[in-house]
Amino acid sequence: MVKDTIKIFCRVKPTKGKLAIYDVEEKEDADIISFNLPKESVEWMVNNKKENYKFQFQSAFDQKTRQDDIFEHVAQPVIDNVLQGYNGTIFAYGQTGSGKTYTMTGGAERYADRGIIPRTLSYIFDYYSKNPDSVYATSVSYLEIYNENGYDLLDPKHEATKLEDLPKVSLHEDSEQNIHLKNLALYPAASEEDALNLLFVGDTNRMIAETPMNQASTRSHCIFTIHLTVREAGSATVRRAKLHLVDLAGSERVSKTGVNGQLLTEAKYINLSLHYLEQVIVALSEAGRTHIPYRNSMMTSVLRDSLGGNCMTTMIATISIEKKNIDESISTCRFAQRVAMIKNDAILNEELDPKLMIQKLKREIQQLKDQISMTNGDQSTLDLSNEEISECEKLVCEFLQDNNPESMIDVGADLRKVHECFRIIKRKFNEKASVRSITPASSDVSTIREKEDNFNSNEFGRIKDLLQQRDNEINILVNMLKKEKKRVKNATSELKKAGIQPPPTPKQDSTFDSQNGFYSDSTPPSTTQSDNFSQKAVGPIKMKKQDETRQKKILNEMSIGRQEAFDTFRREYKLNHVLEQHKAELKSLYSQAKELGNEVNTSRQQINALKSKLERERVRVAMTDDQDSLEEEIKCNLDSAKTSYKERFNLLKHLKAEIEHTQHLLDSSKMKLLKDFEIWWAEQAALNQRKQEDSDLIQRNSRKVDSSYDNLGKTGWSTPHKVEKSTVPADIPLTGDPQADADIIAFMEARRKALSRQGKR
Ligand code: ADP
Ligand code: MG
């Protein structure tokens, strides 16, 4: 058991705003962050007591700290323990806008801005590949708690429904007081790619569920959980661990947000659940408290182990040091100090799996029986039958193809079969060696060849296809751009010929918007399907495709007028540079990948050529008995070609992850563009409606006014039947009140007419 207090870290968000006076002081085993609030400068808060506030953290990261540093210092120690079988939790706490999501998930602009969650997934799968002697299983879940209700962010139904319409995740406590979550699915992730896709799907769903009204991302808590199972090959002991990565709702207080209506309900709930979190933390930090109120809210129930239980927990307090935010930052730091007093008892979650134990014991019994029968000498001396030989052959083949470190050839206690299996293995080895002309002495080269073979058939083929696909995409894009330019040029010269001034920004009627990479056609060319990087990860990929389909569906469902509005909106869109940046990055990444792919190919060809050369040299030496062999030199060249091949191959793998990530950032930006357009469209519609209503009212009122002036008309005044908007001189100040304005306009009109009559006389 490891008894340890919750570790607390502080991260200061970079800011260009007006700074408060603060300082980060690095000490040997802790950092101190201090705020100085001279009384006279404090306008935004009541500060009658203190001028100087000091808070101690494990580490305090100042504005310039990069994401990889945060990962290394905050997350890595927790993950290392999780991989050993301890539960872990990392949670971000701070006011809205202080950088919680940036720290946990990452920024939307660059690959280097990836946050703790994607980095954790990469780290875990990298660990697996470096430690192949154990058997691993990984699955993830993504829970969002909004207004005290839980929702599964990975639920495929997310596509069509609002957050509130989804089945709610509910809590159940078993007789041993373990919490179970109903309706929250665990998705297995066989590779880093699968896991990252699941994260992307969840984040996209989180974004889609957000509306201007519910701004769920600041008002909800999100818990991304990674479940791990680790077992050493041959062992029946399983280690299970959970890692919660938590992005809490904004910690700001209601009084400051000044909310009402629905927002009040939300604020009340966020504050309620953060309030209950505080209560739990206060209760835990006070000595002698026996009752801890975990059950008061869903979040504290889910995180019960993380707070004072079986878990290694770390908190990262995110703060903003802009003057106007300093009171919230102090309150965040104060909360962290309380959290640091909580002791957790992390237990190694190790258990014997009875099924595996039974299997293991059965195997042992069989082995002992085999040993007895061998020592008793009850061995048959008859030749093996043909069936028995083919059975041995089959077992050897299965064994050679199985990557599981636990696999064995089980032929029982029959020495004849054991020897037959050895014979088959030898034959197969020699066959392979002769096919590739490799002598047993160069077994190293043979391993490389096998690896290469695997690479050739799987990874390389896939990446090559993908590059081809990207090339096609880029070509299509460039062609469309050219066509579009030509079209615009022609149209402009036609207009000029006809003496008409062309519009400043021509509207595109192509099915493809070359600016933003959107299709407005229901059947985009198949070469542009950009998400099939992995054929393996069927589930997550399917979900990702759904996102793409969803985007296209939204565009297709737009009326022509709305599409025109969308085009205009898109041209002026404030985040166009982000979209452009992602696209430029993707393009450059693809061309880098292409180049690397070519280099990998060249290295492979070099290796092949050197292998043939080596073989020829060996034959030559054998035949001529020449002592001056070039073998060593060729081997040396082969080694360096091998190294360069490996280096490039690894780079290509890394690039692939970067391409995936950037593609997701681009997809998210497109989704944001659509959402922002929807908001803008709704605002425009509301504005138009209001204008229409106002003008109707003005006309109605002016008619009333007209009829009252009709009486004047009878006395010789001619009054207008209708007050036209255009007849209102621009210098007449209107009040904005429709009734009053109608009266003013009617009066001015009457006055104008009266004056012109007088003038005529
Ligand atoms: P929160 O989740 O706490 O509400 P966000 O993580 O969404 O806050 O951050 C608000 C904005 O500030 C985002 O645009 C984010 O990219 C940016 N931001 C936050 N922290 C950092 C940082 N350390 N470096 C650069 N940008 C940051
Ligand atoms: Mg956030």
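Reckoned from all heavy atoms, side chains included, excluding hydrogens, waters and symmetry mates. Not measured: the values here are computed from a predicted model. First listed ligand is number 1; within each ligand, the first listed atom is number 1. When a residue number appears, it is its place in the shown sequence, counting from 1.
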ask   = Closest heavy-atom contact between Asn310 and Asn87?
value =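 So the minimum-distance heavy-atom pair works out to O-ND2, 3.1 Å.
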Looking at [Y] and [X], is there a salt bridge between them, counting it only when a charged N and a carboxylate O are closer than 4.0 Å?
| X | Y | value |
| --- | --- | --- |
| Asp676 | Lys672 | yes |
| Lys7 | Asp4 | yes |
| Asp152 | Lys182 | no |

Counting heavy atoms only, which part of [X] comes closer than 4.0 Å to ligand 1: side chain, backbone, both or neither?
| X | answer |
| --- | --- |
| Lys100 | both |
| Glu109 | neither |
| Ser98 | both |

message = Parallel, tilted or perpendicular, judged at 30° and 60°: which one describes the rings of Phe200 and His661?
response =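 Ring orientation, 0 to 90° scale: perpendicular.
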ask   = Does Gly94 come within less than 4.0 angstrom of ligand 1, counting non-hydrogen atoms of the residue?
value =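 Heavy atoms of Gly94 never come under 4.0 Å of ligand 1.
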task = Evaluate the criterion side chain to side chain donor-acceptor pair (under 3.5 Å) for residue pair His221 and Ser273; output intermediate values, then yes/no.
result = CA-CA 9 Å; His221 314 282; Ser273 68; 2.7 Å; yes
inquiry  = Report whether any nitrogen, oxygen or sulfur of Thr101 sits less than 2.8 Å from the Mg ion (ligand 2) (N, O or S, backbone or side chain).
reply    =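 Checking Thr101: at least one N, O or S atom is under 2.8 Å.
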request  = Give yes if a backbone or side-chain nitrogen or oxygen of Tyr102 is under 3.5 Å from a nitrogen or oxygen of ligand 1, and no if not.
outcome  =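 Yes.
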query = Hey, does Val12 come in under 3.5 Å of ligand 1, counting only N/O atoms on both sides?
reply =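 No.
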inquiry  = Distance check, rounded to the nearest 0.5 Å: Tyr151 atom OH versus Leu184 atom CG?
reply    =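 So the gap between those two atoms works out to 13.5 Å.
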query = So how far is it from Thr138 OG1 to Glu192 CD, rounded to the nearest 0.5 Å?
reply =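 Result: 11.0 Å between the selected atoms.
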Give the atom numbers and elements of ligand 1 that come within less than 4.0 Å of a heavy atom of [X].
| X | answer |
| --- | --- |
| Thr96 | 4 (O) |
| Gly99 | 1 (P), 3 (O), 5 (P), 6 (O), 8 (O), 9 (O), 19 (C), 20 (N) |
| Gln95 | 3 (O) |
| Pro14 | 21 (C), 22 (C), 23 (N), 24 (N), 25 (C) |
| Arg11 | 23 (N) |

